[in-house]
Amino acid sequence: MIEIRNVSLSLRGSAILHDITAGLPQTGITALIGPNGAGKSSLLHLCAGLLRPSGGVIAVDGGDVTRMAHRDRARRIAVLTQAQALGSRLTVGDLVGFGRWPHHLGRPREADRQVVAEALALFDLETLSGRQVETLSGGQKARAFTAMAWAQSTPWLLLDEPLAALDPRFARDLMARLHAMSQTGPQARGVVIVVHDLNAAALWADHVVALRDGRLFADGPAAEVLTPATLGALFDTAFGTVDTPRGRLVYPA
């Protein structure tokens with residue numbers, strides 16, 4: 001579990017998060033939702049150890065994330081941020097292979113190459129493995145970076161708006177894959193995802209943490225948080241629901 005205990009964050013004199021307390025379960029997908037500027041990405045970055053809280057503690061599987069050695073943290077948490085730096089002439093295969101670095105430290109073995117091959121296949125990138133990343137579309141790049149994070153083989157996978165550049169087909173496929181890999185079993189991973197598509201959260205998330213103005217607004221099972229009443233108060237607009245064979249969808253009314 002990721003335990004967020006009374007966490008606050010200030011950056012350059014501005015208060016970003018205020019006294020957040022929540023628990024992110026190890027099993028399933030946790031969706032972070034809320035209006036723009038609510039602090040969703042900041043909270044994800046804190047959970048990944050990319051930012052240090054101004055107050056409070058974030059514990060990942062019992063250990064303070066800020067006290068973990070860099071390599072230990074990289075073997076426990078894979079994080080995909082919105083801004084990704086790229087080297088020139090880097091191929092998709094090379095990029096995905098970077099996910100194995102915390103395990104082999106520059107000396108890849110056959111097991112590492114096998115994980116990279118699995119990642120390329122899982123994210124439908126096999127035919128693109130020799131392409132330079134800078135030549136890809138936005139959606140293709142998003143899949144390549146997600147495959148790199150997956151190849152890191154960590155118990156936790158933290159993704160900041162991975163659906164933003166994806167076509168509907170690939171957005172659906174990604175959420176289905178994330179959901180499948182987050183369920184119970186020896187290889188299950190805890191997935192935390194910042195998402196603006198409320199229906200992606202409604203269809204695939206197991207747990208939802210809602211933020212507004214840097215404060216915790218709601219926290220609980222998706223079915224209990226993604227209601228017209230809660231969403232209406234969170235986004236200051238009326239919502240309705242419709243039941244489909246895949247599940248209940250929400251829409252601004």
Side-chain angles (χ1 to χ4, degrees), residues 28-36 38 40-41 43-45 47-48 77-86 90-99 115-154 156-183 189-210 222 226 231 235 244-252:
I29 293 178
T30 294
L32 304 183
I33 68 168
N36 292 332
K40 304 181 294 296
S41 295
L43 183 60
L44 187 89
H45 291 185
C47 291
I77 305 165
V79 58
L80 180 64
T81 63
Q82 293 183 52
Q84 299 290 340
L86 285 175
L90 185 70
T91 69
V92 172
D94 291 337
L95 175 66
V96 176
F98 285 160
V115 172
V116 172
E118 291 174 5
L120 291 169
L122 183 62
F123 291 93
D124 198 19
L125 294 166
E126 290 173 299
T127 60
L128 299 175
S129 62
R131 283 267 301 272
Q132 294 178 19
V133 177
E134 60 192 14
T135 70
L136 301 181
S137 69
Q140 291 169 330
K141 287 180 183 176
R143 284 159 47 208
F145 277 106
T146 305
M148 177 187 68
W150 183 90
Q152 205 167 321
S153 300
T154 53
W156 288 95
L157 187 60
L158 278 53
L159 308 173
D160 194 356
E161 296 194 44
L163 307 183
L166 296 184
D167 292 336
R169 170 199 162 191
F170 288 113
R172 177 205 63 200
D173 289 352
L174 175 59
M175 291 305 298
R177 287 165 180 159
L178 292 174
H179 187 264
M181 72 176 66
S182 71
Q183 300 308 295
R189 307 186 190 191
V191 176
V192 184
I193 178 172
V194 174
V195 61
H196 281 281
D197 184 344
L198 295 177
N199 284 320
L203 291 175
W204 299 109
D206 303 280
H207 192 88
V208 172
V209 173
L226 300 175
L231 293 176
F235 291 100
T244 75
R246 274 287 299 117
R248 177 167 292 183
L249 302 182
V250 297
Y251 61 91

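Numbers here simply count residues along the sequence, with the first being 1.
- Within the model, atoms CG of Leu158 and OG of Ser41 stand 11.0 Å from one another, a figure rounded to the nearest 0.5 Å.
- When all heavy atoms of Trp204 and Arg172 are compared, the closest pair comes out as CZ2-O, 4.3 Å.
- A distance-only check finds a donor-acceptor pair linking the side chain of Asn199 to the backbone of Val250 [under 3.5 Å].
- His45 has its side chain within reach of Asp160: a pair of non-hydrogen atoms, C-beta onward, lies under 4.5 Å apart.
- Using a 4.5 Å heavy-atom cutoff, the side chains of Gln140 and Thr135 are not in contact.
- The side-chain heavy atoms of Ile33 and Leu231, taken from C-beta on, include a pair separated by under 4.5 Å.
- At least one side-chain heavy atom of Met181 sits less than 4.5 Å from a side-chain heavy atom of Leu157.
- A donor-acceptor pair under 3.5 Å links the side-chain atoms of Lys40 to the main chain of Pro35, judged by distance alone.
- Although no hydrogens or angles enter the test, the distance criterion places no donor-acceptor pair under 3.5 Å between the side chain of Gln152 and the main chain of Met148.
- In this structure, the side chains of Ile193 and Met175 come closer than 4.5 Å at one or more pairs of heavy atoms.
- The side-chain heavy atoms of Thr154 and Ile77, taken from C-beta on, include no pair separated by under 4.5 Å.
- In this structure, the separation between CG on Leu249 and OG1 on Thr244 is 4.5 Å, given to the nearest 0.5 Å.
- For CZ of Arg177, the number of neighbouring non-hydrogen atoms (other residues, nucleotides, ligands) closer than 6.0 Å is greater than 12.
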Return all side-chain donor-acceptor pairs below 3.5 angstrom for residues 119-127, not counting sequence neighbours, or 'none' if the list is empty.
residue, atom, partner, partner atom, Å
Asp124, OD2, Arg169, NH2, 3.4

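- Residues His179 and Val191 fail the side-chain proximity criterion, which asks for heavy atoms closer than 4.5 Å.
- The closest side-chain heavy-atom distance from Arg189 to Ser153 is below 4.5 Å.
- The two residues Leu166 and Ala142 come nearest to each other via the heavy atoms CD2-CB, 3.8 Å.
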